[in-house]
Protein chains: 2
Amino acid sequence: MRNIKGTLGSLGAVAAIAASCLMGVGTTAAHAEANSADPTDLVLTIAQGDNATSAAVQRAVTLTCDPEVGGDHPDPQGACSELDGVHGDFTALTGTSPQPICMMLWRPVVVTAEGVWQGRQVSYAHTYPNACMMQGASKHVFHF
Amino acid sequence: MRNIKGTLGSLGAVAAIAASCLMGVGTTAAHAEANSADPTDLVLTIAQGDNATSAAVQRAVTLTCDPEVGGDHPDPQGACSELDGVHGDFTALTGTSPQPICMMLWRPVVVTAEGVWQGRQVSYAHTYPNACMMQGASKHVFHF
C-alpha cells in the first residue's frame with residue numbers, strides 16, 4: 001500500500017509539476033503585465049583602454065531608474081534625472097558647463113552602458129582621450 | 001589692485017582647474033587600482049520573443065556579486081553562488097534538477113545578461129521555447 005501510495009504520490013507530484021508548468025506560462029505572462037512599467041536597469045562601466053570589448057574594467061556600478069531609483073551608483077537620482085533629460089539617449093548627454101580644461105594626453109578611457117532603458121535594450125560605448133575629458137562629458141551619469 | 005587680484009585669482013583658478021585635470025587623470029588611476037577587485041555588476045532581463053534585440057523586455061533586475069552581493073534580484077546570494085559555480089559562464093548553467101516537465105508550447109522567451117563579471121564584459125542571450133523551459137534552466141539566476 002505504501003508503494004501504491006508512493007507511486008500515486010509521485011504521479012501526483014508529476015501532475016502538479018506539469019500543472020505548475022502550464023500555470024507557469026500563464027503566471028509569467030500575468031507577472032509581465034503587472035511589471036509592464038518598462039523597467040530601467042543599467043550597468044555603467046569605466047575602463048582603461050580605447051575599445052570596450054578589450055579594455056580593462058576599472059569601475060562598474062548599477063543604476064535603476066524605474067520602477068524605483070536605486071543601484072550602487074553614488075548619485076542615482078542625479079544620474080536618472082540627467083538620463084531622463086535626454087530620454088535615455090546616452091549620445092545626447094551634454095556634460096558639465098563649463099567644460100573642464102583638460103590636457104590632451106592620450107590615455108584613453110572607455111565608458112559603457114548596458115541594460116534596459118524603459119524596456120528598451122541599451123548598448124552604449126564611448127571612448128575619450130583621457131579621464132579628464134570623460135569627466136566633463138556627463139554631470140552625474142559617469143561620475144563614480 | 002582689486003582688478004589685478006581678480007585677474008590673478010582667475011589665473012589661479014584656471015591653473016587649479018588645469019592641475020586638477022592632471023591630478024584627475026592620476027587620481028582616477030589610483031581609484032581604479034583601489035577598486036581593482038574586479039567588479040561584478042549585471043543586468044538580467046526576461047523578454048517575450050525570440051530575439052534579444054527586438055523582444056519586449058518584461059522584467060529586468062540588477063545583480064551585484066563583487067565587491068558586495070546586492071542588487072534588486074530577489075535572491076542575489078543564490079544567483080551569485082550559482083554563477084560562481086560556473087565561473088560566470090552563463091552557457092554552463094545546469095539549471096534545476098529534476099528539470100520541470102514542460103509543454104512544448106512555442107511562446108518564446110529570451111533571457112539576457114549584460115554587464116561585467118569579475119572585470120570582464122558579459123553579453124549573453126538565450127532563447128527558450130517558453131517560460132517553463134526557461135525556468136528550468138537556472139536555479140536562481142533567471143528566477144525573478
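Just so it is clear: chains get the letters A, B, ... in the order the sequence lines come, proteins before strands, and each one is counted from 1.
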Does one hydrophobic cluster hold both [X] and [Y], with members joined at side-chain heavy-atom distances below 4.5 Å?
X: A:Phe90; Y: A:Tyr128; result: yes
X: B:Val141; Y: B:Phe144; result: yes
X: A:Leu105; Y: A:Val110; result: no
X: B:Val61; Y: B:Val69; result: no
X: B:Tyr124; Y: B:Trp117; result: yes

At a 4.5 Å cut-off on heavy atoms, which part of [X] comes close to chain B: side chain, backbone, both, or neither?
X: A:Thr45; value: side chain
X: A:Ala52; value: backbone
X: A:Leu44; value: neither
X: A:Ser54; value: neither
X: A:Val122; value: neither

Taking the side chain as everything from C-beta on, heavy atoms only, tell me whether [X] gets closer than 4.5 Å to [Y].
X: B:Glu68; Y: A:Asp72; value: no
X: B:Glu114; Y: A:Val43; value: no
X: A:Val57; Y: B:Gln121; value: yes

Part of B:Thr64 within contact of chain A (heavy atom distance under 4.5 Å): side chain
Which portion of B:Ala113 sits near chain A, non-hydrogen atoms under 4.5 angstrom: neither
Distance in Å, A:Asp41 CG paired with B:Asp41 CG, rounded so as to fall on 0.5 Å steps: 11.5 Å
Shortest non-hydrogen separation from A:Val116 to B:Ala60 and the atoms involved: CG2-CB, 4.2 Å
